[in-house]
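Values below: all heavy atoms of this structure, side chains included; hydrogens, waters and symmetry mates excluded. This one's a predicted model, so the numbers in the text were calculated from it and none came from an experiment.
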Amino acid sequence: MGWVTTSTADLWHHYGRARAASDRAVPDGFYWAWGQDTGPGAEVLGDLVGRCVGDLGAGAARHAAHLAVHHQPARVVAVDASPAQYAMATGLYGDLASRLRIVHCDVVSHLHAMRGTYDVLYSVFGAIDFTDPRELLPAAAAALRPGGRLVFATLAHYLSGAPAQPDVVAAEVSAKTPDGKEAVMRRWVLEEHVWTKLLDEAGFTGITITVLPATAEGPRTADTLLVSVHRPSR
């Protein structure tokens with residue numbers, strides 16, 4: 001079939017495009033589970049009033065828009081490295097600029113530039129899944145203020161049903177270039193104890209991991225790991 005691997009093509013070009021054409025509303029709800037239909041919501045992030053919040057790998061920024069409209073943060077910053085996702089998010093929610101800042105940037109680079117800035121960082125199957133955690137997690141810890149929180153949802157196992165990796169190993173998953181050619185990207189699907197070790201090494205404390213069971217059966221369903229940690233106050 002002629003698979004290609006590239007660091008320059010926007011492999012997120014097609015993601016969410018069909019929905020954006022018909023659904024431009026700010027979502028009423030916020031979900032962590034893979035099915036995006038049940039489970040805990042934004043309350044997991046704590047009280048966001050007056051807080052600086054960052055969405056890591058925000059895509060079309062639907063979660064970020066929900067928080068900006070419904071939870072009174074000082075600012076939500078939606079960060080994504082994909083030009084297409086940045087353009088889509090700006091087109092959908094650019095009118096929320098007073099509360100929502102949409103940023104086109106590599107997430108690790110952004111975090112390094114924003115040391116000690118954020119009260120809360122989160123990722124809903126976003127950058128946490130598609131960035132080497134040995135690079136992203138220390139950068140996230142540094143970008144948080146003392147006592148700040150990182151929360152993320154990630155796959156508990158592969159969508160094929162295969163178990164998560166027992167070590168820090170990425171799998172190649174299918175993607176498409178903007179012109180429709182088959183490509184691959186890296187995704188980290190790790191066992192709970194691997195995440196715990198990585199988070200501890202990055203300097204986080206208060207590590208809690210909850211499994212959110214899939215709410216449906218069939219192909220491409222999955223349980224979710226919901227992970228919550230803190231940067232130490234001192």
Side-chain angles (χ1 to χ4, degrees), residues 1-23 27 31-37 54-65 78-93 102-111 122-137 139-140 152-165 167-191 194-195 198 214 216 218-225 227:
M1 185 174 287
W3 291 77
V4 298
T5 305
T6 175
S7 60
T8 57
D10 185 356
L11 301 183
W12 294 99
H13 178 84
H14 301 283
Y15 184 78
R17 192 167 295 277
R19 179 180 178 184
S22 60
D23 180 4
Y31 299 106
W32 296 98
W34 174 252
Q36 289 294 287
D37 58 356
D55 185 330
L56 307 180
R62 294 184 185 276
H63 288 94
V79 187
D80 205 287
S82 161
Q85 294 298 309
Y86 169 77
M88 190 183 306
T90 301
L92 288 170
Y93 305 120
I102 301 170
V103 175
H104 176 218
C105 187
D106 169 75
V107 167
V108 173
S109 297
H110 174 81
L111 292 171
Y122 72 92
S123 172
V124 185
F125 306 102
I128 292 283
D129 283 31
F130 297 95
T131 310
D132 190 328
R134 293 164 293 196
E135 298 177 4
L136 190 150
L137 294 178
F152 62 91
T154 187
L155 293 176
H157 53 82
Y158 288 103
L159 294 175
S160 65
Q165 295 287 348
D167 203 348
V168 189
V169 177
E172 292 186 342
V173 297
S174 61
K176 288 186 182 295
T177 63
D179 60 2
K181 292 182 180 178
E182 299 287 348
V184 294
M185 65 174 73
R186 294 191 299 170
R187 184 171 203 161
W188 279 263
V189 180
L190 309 177
E191 292 183 357
V194 182
W195 284 117
L198 287 166
R220 298 189 64 79
T221 61
D223 296 343
T224 299
L225 295 184
V227 184

Quiz prompt | Separation between CZ of Arg187 and CG of Leu159, rounded to the nearest 0.5 Å | solution = 6.0 Å
Self-check item: Validation row: Leu111, Leu56 side chains within 4.5 angstrom (heavy atoms)
Solution: yes
Quiz item: Rounded to the nearest 0.5 Å, how far does CZ of Phe152 lie from CG of Asp129?
Solution: 8.5 Å
Quiz prompt | Residues Phe130, Val107; criterion side chain to side chain contact (heavy atoms under 4.5 Å, CB included); working and verdict | solution = CA-CA 10 Å; Phe130 297 95; Val107 167; over 6 Å; no
Quiz item: Are His63 and Gln36 close enough that some pair of their side-chain heavy atoms sits under 4.5 Å apart?
Solution: yes
Exercise. Kindly indicate whether the side chain of Tyr93, heavy atoms from C-beta on, has any atom under 4.5 Å from the side chain of Arg62.
Key: yes
Quiz prompt | Heavy-atom closest pair, residues Ser123 and Trp32 | solution = O-CZ3, 3.9 Å
Exercise. Determine the minimum heavy-atom distance between Ala164 and Ala156, stating which atoms define it.
Key: CB-O, 3.5 Å
Exercise. Supply the atom-to-atom distance Thr154 OG1 to Leu225 CG, rounded to the nearest 0.5 angstrom.
Key: 6.5 Å
Exercise. Apply side-chain contact (heavy atoms from CB on, under 4.5 Å) to His104 and list each qualifying residue two or more places apart in sequence or on a separate chain.
Key: Pro83, Tyr86
Quiz prompt | Minimum-distance pair of heavy atoms, taken over all atoms of Thr177 and Ala9 | solution = CG2-CB, 4.1 Å
Self-check item: Gap separating the CD atom of Gln85 from the NE2 atom of His14, nearest 0.5 angstrom
Solution: 11.0 Å
Self-check item: Val169 side chain reached by Leu190 side chain, heavy atoms, under 4.5 Å
Solution: no
Practice problem: For Tyr158, look at atom OH and say whether over 12 heavy atoms of other residues, nucleotides or ligands are found less than 6.0 Å away. | Solution: yes
Quiz item: What's the shortest heavy-atom distance between Ala84 and Asp10, and which atoms?
Solution: N-OD2, 2.9 Å
Practice problem: Report yes if the side chains of Arg134 and Leu198 come closer than 4.5 Å at any heavy-atom pair, otherwise no. | Solution: yes
Quiz item: Which heavy atom of Ala60 sits nearest a heavy atom of Met88, and at what distance?
Solution: CB-SD, 4.0 Å
Practice problem: With sequence neighbours excluded, tell me which residues meet side-chain contact (heavy atoms from CB on, under 4.5 Å) with Thr224. | Solution: Ala33, Trp34, Phe125, Ala153, Leu212
Self-check item: Pairwise distance OH(Tyr122) to CG(Asp55) - rounded to 0.5 angstrom
Solution: 3.5 Å
Quiz prompt | Exercise: identify the closest heavy-atom pair between His157 and Val189 | solution = C-CG1, 3.7 Å
Quiz item: How far does OG1 of Thr131 sit from CG of Leu137, to the nearest 0.5 angstrom?
Solution: 9.5 Å
Quiz item: Looking at Lys176 and Glu182, does any basic side-chain N land under 4.0 Å from a carboxylate oxygen?
Solution: yes
Quiz prompt | Donor-acceptor under 3.5 Å (Asp106 side chain, Val108 main chain) | solution = yes
